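Notes follow the structure.
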Amino acid sequence: MGIQFDATNLSAAMVGGDHGITKSELKRGEAVARQALAGVRALVDSGEIGFPHLPFQQKTVAAIRKYAAEVKGSYDTVCLIGIGGSALGAWALDCALRGPHPVQGTFSTAFPRLVILDNVDPSFVASALASMQPKKTLVVVAAKSGATAETGSVFLIVKQWLEAALGKKAASRIVAVTSENRGDLIVLAKKEGYRTFFLDENVGGRFSVLSPIGLVPAALVGMDIAKLTKGAAEMTALCWKDDLETNVALRAALQHFLVWTLRGKTIQVAFPYSNRLWGMAFWFRQLWAESLGKKTNRAGEVVFTGQTPIAALGTTDQHSQVQLYMEGPNDKVYTFWGVEKFGDSGKIPKAKTGLDAFDYLGGQTLAKLLNAERKATTAALTATGRPNATFVLERVDAAHVGAFLQLMMFETAFLGEMLNINAFNQEGVELGKKYTFGLMGRKGWEALAAEYAAYEEKQNKSR
Ligand code: PA5
């Protein structure tokens with residue numbers, strides 16, 4: 001598999017003992033890594049978590065491909081309504097495999113665009129509706145819980161918009177991806193006769209990109225989901241190996257764990273040098289933040305742990321963030337994501353302007369410049385004692401993207417075990433959701449509405 005991980009610049013030898021990891025710490029960490037591997041294995045074997053199985057669900061992949069083939073050509077837009085784990089994976093895939101937003105090719109029935117409605121900003125939703133034609137739109141509504149307020153409200157608006165143009169036929173243009181046995185979305189889908197796809201209960205939202213949540217929109221816009229899952233399956237096999245050389249996810253987890261917990265790097269900057277990987281940086285941000293930001297550990301002790309993920313784009317953010325990274329607090333670890341072979345190298349025409357700033361660039365390529373800037377930034381950070389590591393993907397295609405997504409999900413799972421926390425729940429997200437139900441008058445949530453009212457009263461008295 002063409003994905004390399006180089007952690008040399010996390011070492012004390014490169015960035016000094018105050019910020020880098022020593023060989024003996026790494027050696028001692030091997031036992032922690034072995035334990036984490038066994039821990040994740042046990043969670044999978046007991047059925048508690050299911051994301052490692054996703055790339056092997058070939059029946060599901062075949063069913064999705066069959067449906068995509070049936071409806072192909074009947075739409076020029078796929079409108080995905082979902083949020084968090086029900087939207088970010090599809091966005092990451094779309095950016096990586098069909099071109100970065102907003103510079104994708106001209107859309108058509110042969111190259112449908114993906115419009116992702118993952119917010120309830122009324123001007124965003126209105127603009128999106130104005131940009132789509134109902135008769136040429138296929139709607140995918142994705143919500144594992146089947147009860148998310150943002151998804152439900154936007155879906156009702158889009159459904160009405162579709163029905164106004166198509167009448168009863170609207171139902172045949174809606175696909176629901178949700179849990180089979182819980183939530184109200186499945187109830188509505190059955191009542192109205194939507195096409196449905198399901199995801200397993202033991203796959204959390206942020207680990208669901210390779211389930212129908214990510215694969216349905218991906219297939220509908222023409223991505224090769226068989227190659228995507230094949231790449232992820234190959235990576236999965238590597239993620240079960242117990243030697244750190246082969247198991248890149250485990251090695252990366254150990255390195256990140258050590259530099260975080262022993263050297264206090266509580267922020268991780270995910271730094272892709274590729275616009276195609278930019279969507280994936282936002283997907284990663286959710287994965288890392290929600291999985292590893294926890295109040296208590298598995299023993300019930302209050303630990304308030306977490307590493308804040310930041311998404312930065314190379315080279316763009318060299319001109320907005322790197323000043324801080326070079327001279328600000330040394331509290332971060334930087335993880336660069338590079339690409340070896342770009343589809344188009346971006347040849348720069350030879351120039352004889354007689355001007356220094358232009359002539360040395362002529363005849364070279366943008367790919368070379370991009371990678372030179374990445375290497376230069378890693379060298380500069382290393383020179384100032386800032387620990388950094390680099391993933392390099394041989395190329396950004398379906399197989400490598402599938403593998404990289406799976407690698408990062410495994411890394412997150414391993415790190416959760418190293419921290420002795422449950423990386424698969426998200427209690428912290430729930431309270432805000434519950435207050436929203438109360439505030440919006442949902443039946444059964446009156447107590448939360450009252451709690452919120454008490455909070456406002458306290459605020460008023462404190463002014
Ligand atoms: O990772 C998670 O579980 C969450 O971020 C969910 O993906 C998010 O809250 C959306 O949930 P749902 O798919 O139920 O609408």
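From a predicted model like this one, the values you see are computed outputs, not experimental measurements. One-based numbering, in listed order, for ligands and for the atoms of each.
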Could you list each N/O atom of ligand 1 together with any protein N/O atom closer than 3.5 Å, one pair per line with the distance?
| residue | atom | partner | partner atom | Å |
| --- | --- | --- | --- | --- |
| ligand 1 | 1 (O) | Arg206 | N | 3.0 |
| ligand 1 | 1 (O) | Arg206 | NH1 | 3.1 |
| ligand 1 | 1 (O) | Glu290 | OE1 | 3.0 |
| ligand 1 | 3 (O) | Gly205 | N | 3.4 |
| ligand 1 | 5 (O) | Gln286 | NE2 | 2.6 |
| ligand 1 | 5 (O) | Glu290 | OE1 | 2.9 |
| ligand 1 | 5 (O) | Glu290 | OE2 | 3.3 |
| ligand 1 | 7 (O) | Gly85 | N | 2.9 |
| ligand 1 | 9 (O) | Lys433 | NZ | 3.1 |
| ligand 1 | 13 (O) | Ser86 | OG | 2.6 |
| ligand 1 | 13 (O) | Lys144 | N | 2.8 |
| ligand 1 | 14 (O) | Lys144 | N | 3.4 |
| ligand 1 | 14 (O) | Ser145 | N | 2.8 |
| ligand 1 | 14 (O) | Ser145 | OG | 2.6 |
| ligand 1 | 14 (O) | Thr148 | OG1 | 3.3 |
| ligand 1 | 15 (O) | Thr148 | OG1 | 2.5 |

Check ion pair Lys433-Glu150 (N to O, under 4.0 angstrom): no
Heavy-atom neighbours of Arg65 CZ exceed 12 at 6.0 Å: no
Atom CD of Gln160: over 12 foreign heavy atoms under 6.0 Å: no
Partners passing ring pair (Phe, Tyr, Trp, His ring centres under 6.0 Å) against Phe437 (at least two apart in sequence or in another chain): Trp445
Donor-acceptor contact present, side-chain Lys265 to main-chain Thr261, <3.5 Å: no
Exam field: side chain Tyr435 to backbone Glu451, donor-acceptor pair closer than 3.5 Å: no
